[in-house]
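These notes concern the structure reproduced below.
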Amino acid sequence: MISKVLIANRGEIALRVLRACKELGIATVAVHSTADADAMHVRLADESVCIGPPPSRESYLNIHQIVAACEITGADAVHPGYGFLSENAKFAEILDAHGITFIGPTAEHIRIMGDKITAKKTAEALGIPVVPGSDGEVKPENALDVARKIGFPVLIKATAGGGGRGMKVARSEADLEEAVSTARSEALAAFGNDAVYMEKYLGKPRHIEIQVVGDGMGNAVHLGERDCSLQRRHQKVWEEANSPALNVEQRMKIGQICADAMKKLKYRGAGTVEFLYENGEFYFIEMNTRLQVEHPITEAITGIDLVHEQIRVASGAGLSVRQEDIVFSGHAIECRINAEDPRTFVPSPGTITHFHAPGGLGVRVDSGAYQGYRIPPYYDSLIGKLIVHGRTRVECMMRLRRVLDEFVIDGIKTTLPLFQDLIGNQDIANGDYDIHWLENYLASKTDA
Ligand code: ADP
């Protein structure tokens with residue numbers, strides 16, 4: 001059994017994990033950089049260890065310091081949150097070698113899913129529908145042949161990809177050479193690996209992802225989908241569960257395909273199988289082998305605490321639920337609140353002079369922010385998440401409107417006004433949007 005968890009993260013997700021540990025009676029250790037000494041996750045943890053200076057490389061990504069912090073405090077498990085070391089197979093192996101439980105999948109599964117070509121081949125072999133594309137890596141020499149087979153437009157993607165970098169569209173043969181060479185040089189610069197592959201470019205898809213959890217022994221369940229189509233620069237902004245585009249049969253069908261795949265893989269931990277969805281078809285794009293930012297909307301509609309499940313399966317206790325126990329109830333929306341200018345999206349670090357979080361039925365605020373908190377400039381700009389649940393999508397939207405009016409964060413700029421704007425939009429009200437909708441909408445506002 002796990003008795004003390006070191007949380008190798010910061011911000012709202014460190015707090016999220018800490019809360020789950022407390023509920024399970026597990027002791028907590030926070031780690032922090034010198035810039036985060038006053039952070040809420042440090043204040044609420046049972047113990048804390050400073051692991052280095054502000055740059056992530058020297059603190060939150062510093063494996064030696066984190067392992068040393070485990071040894072000093074006697075932590076027997078590490079929860080990596082999302083980002084930082086959460087999808088680092090080597091980190092999982094090093095913990096293993098030290099006899100510390102990594103709350104996540106095996107290093108092997110992290111590695112398979114971390115390489116996009118291997119992930120896609122594995123998904124296909126497990127019966128998951130994938131985007132038509134190249135059979136492995138594409139080189140400048142064979143790019144034209146491959147593209148002709150797939151049919152234009154095509155998308156060139158980095159094998160080591162992440163965060164939408166190293167991705168280029170070629171609409172016709174004339175664009176291809178340049179798209180391949182820019183994708184390769186971007187991939188080399190971002191990931192130190194210039195390998196690319198090719199996929200059919202889908203014009204107006206939605207981004208729909210399936211939440212799965214496995215026990216590592218061949219049992220796995222799905223917890224339905226999240227629609228994360230509202231994105232800016234491939235970053236999710238607003239997520240909802242269920243997707244306005246799916247009916248119950250479609251949900252249960254794709255969910256079961258993913259759960260069955262995870263059973264075959266003997267996957268352990270929480271994971272997300274991401275798809276593009278167009279004209280009634282699902283196309284696998286990647287699998288994230290960790291907890292995701294938007295996991296609370298799934299928790300809202302299922303009542304299942306995903307971090308509890310992660311800890312259970314990591315300690316060998318198995319899943320707390322069977323598929324037939326999982327009931328989807330109502331609708332949930334998450335808004336990501338970033339410390340950014342809501343029009344230009346330029347980061348806005350600084351001191352929060354006034355903070356008032358909304359409350360009431362169906363409202364959850366996951367945030368490490370508080371009045372007087374100084375947001376350090378070194379990390380990503382997510383300062384909190386607002387999650388609203390209602391019995392129907394309409395009720396959820398009405399509640400969100402009310403809650404956005406109550407939320408006060410002064411002293412810095414935040415993206416709250418963007419959501420006030422979106423909540424009044426007819427396409428959003430109708431659930432009628434694809435992955436390009438938000439960018440087009442924002443462009444139309446700056447033009448006007
Ligand atoms: P990354 O790991 O870099 O985020 P993904 O494969 O998850 O890369 O893709 C990121 C985003 O790029 C998707 O959410 C989608 O918006 C777009 N995208 C990816 N593949 C395709 C495709 N074949 N056609 C159209 N858009 C795509």
Side-chain angles (χ1 to χ4, degrees), residues 82-83 86-88 110-124 128-135 137-138 143 146-147 149-171 175-176 179-180 182-184 186-210 225-240 243 245 271-279 281-290 292-294 336 380 433-442:
Y82 52 67
S86 61
E87 290 175 295
N88 185 316
I110 297 174
R111 219 165 252 136
I112 289 173
M113 295 304 171
D115 177 89
K116 300 246 178 166
I117 293 179
T118 317
K120 210 171 154 184
K121 285 189 172 157
T122 307
E124 200 169 10
I128 295 174
V130 302
V131 193
S134 58
D135 183 19
E137 199 183 330
V138 165
V146 177
K149 253 182 234 146
I150 299 171
F152 285 93
V154 295
L155 185 65
I156 324 296
K157 297 172 82 170
T159 308
R165 281 170 305 174
M167 232 189 277
K168 286 281 163 278
V169 185
R171 302 207 172 265
D175 300 342
L176 188 65
V180 173
T182 13
R184 281 166 60 101
E186 267 188 43
L188 185 64
F191 314 109
N193 172 356
D194 71 355
V196 295
Y197 64 109
M198 202 186 288
E199 270 179 2
K200 175 150 200 61
Y201 178 72
L202 303 167
K204 289 179 172 298
R206 297 182 81 110
H207 174 115
I208 297 182
E209 57 186 36
I210 306 292
E225 85 283 12
R226 296 183 286 260
D227 194 319
C228 313
S229 303
L230 291 173
Q231 303 181 357
R232 180 181 168 271
R233 301 215 172 141
H234 301 300
Q235 299 291 321
K236 297 160 189 168
V237 170
W238 155 308
E239 302 100 349
E240 42 187 316
S243 168
T272 300
V273 188
E274 295 196 338
F275 295 94
L276 294 177
Y277 173 81
E278 192 172 66
N279 300 325
E281 300 288 337
F282 285 93
Y283 303 98
F284 171 88
I285 45 173
E286 66 170 342
M287 177 169 178
N288 294 315
T289 51
R290 54 167 166 83
Q292 287 195 257
V293 176
E294 59 274 20
R336 295 194 189 193
D380 80 23
Y433 52 78
D434 61 36
I435 60 168
H436 305 296
W437 189 94
L438 184 60
E439 297 250 0
N440 292 338
Y441 173 75
L442 293 169

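None of these values were measured; they are calculated from a predicted model. Both counts, for ligands and for their atoms, begin at 1 and track the order of listing.
- Ring geometry, Phe282 versus Tyr277: the interplanar angle falls from 30° to 60°, so the pair is classed tilted.
- For Tyr283, the side chain to side chain donor-acceptor pair (under 3.5 Å) criterion is met by no residue, not counting sequence neighbours.
- One side chain, Glu240 or Trp238, offers a donor N or O that lies under 3.5 Å from an acceptor on the other.
- The protein atom (non-hydrogen) at minimum distance from atom 11 (C) of ligand 1 is His234 ND1, 3.3 Å.
- Listed by atom number, the atoms of ligand 1 under 4.0 Å from Gln231 heavy atoms are 14 (O), 16 (O).
- When each atom of ligand 1 is checked for a heavy atom of Tyr201 under 4.0 Å away, the hits are 24 (N), 25 (C), 26 (N).
- Nearest protein heavy-atom contact of atom 3 (O) of ligand 1 is Gly164 N, 2.5 Å.
- For ligand 1, the atoms lying closer than 4.0 Å to a non-hydrogen atom of Met167 are 3 (O), 8 (O), 9 (O), 10 (C), 12 (O).
- Taking the charged nitrogens against the carboxylate oxygens, Lys120 and Glu199 do have a contact shorter than 4.0 Å, which makes a salt bridge.
- Looking at Leu276, Val130, Val169, it is Leu276 that brings a heavy atom closest to atom 26 (N) of ligand 1.
- Shown in contact with His207 at under 4.0 Å from a heavy atom are these atoms of ligand 1, numbered in order with element: 14 (O).
- Considering backbone and side-chain atoms alike, Lys116 places an N or O below 3.5 Å from some N or O of ligand 1.
- Closest to atom 24 (N) of ligand 1 among all protein heavy atoms lies Leu202 N, 2.9 Å.
- Lys121 has its side chain within reach of Asp135: a pair of non-hydrogen atoms, C-beta onward, lies under 4.5 Å apart.
- Which parts of ligand 1 touch Ile435 is read off a 4.0 Å heavy-atom cut-off, strictly below it: atoms 15 (C), 16 (O).
- With a 4.5 Å cut-off on side-chain heavy atoms, Cys228 and Glu294 count as touching.
- Considering both main-chain and side-chain atoms, Val131 never comes within under 3.5 Å of ligand 1 through any nitrogen or oxygen pair.
- Distances from atom 22 (C) of ligand 1 to the heavy atoms of Ile285, Asp434, Leu155 show the closest one on Leu155.
- For the residue pair His436 and Pro205, the shortest heavy atom distance occurs at NE2-CD, 4.4 Å.
- Atom 6 (O) of ligand 1 has its nearest heavy-atom neighbour, among Glu286, Lys157, Lys200, in Lys157.
- Not counting sequence neighbours, the partners of Arg111 by the side-chain contact (heavy atoms from CB on, under 4.5 Å) test are Ala89, Glu93.
- Seen from the ring of Phe152, Arg171 does not count as a face-on cation partner, given the 6.0 Å and 45° thresholds.
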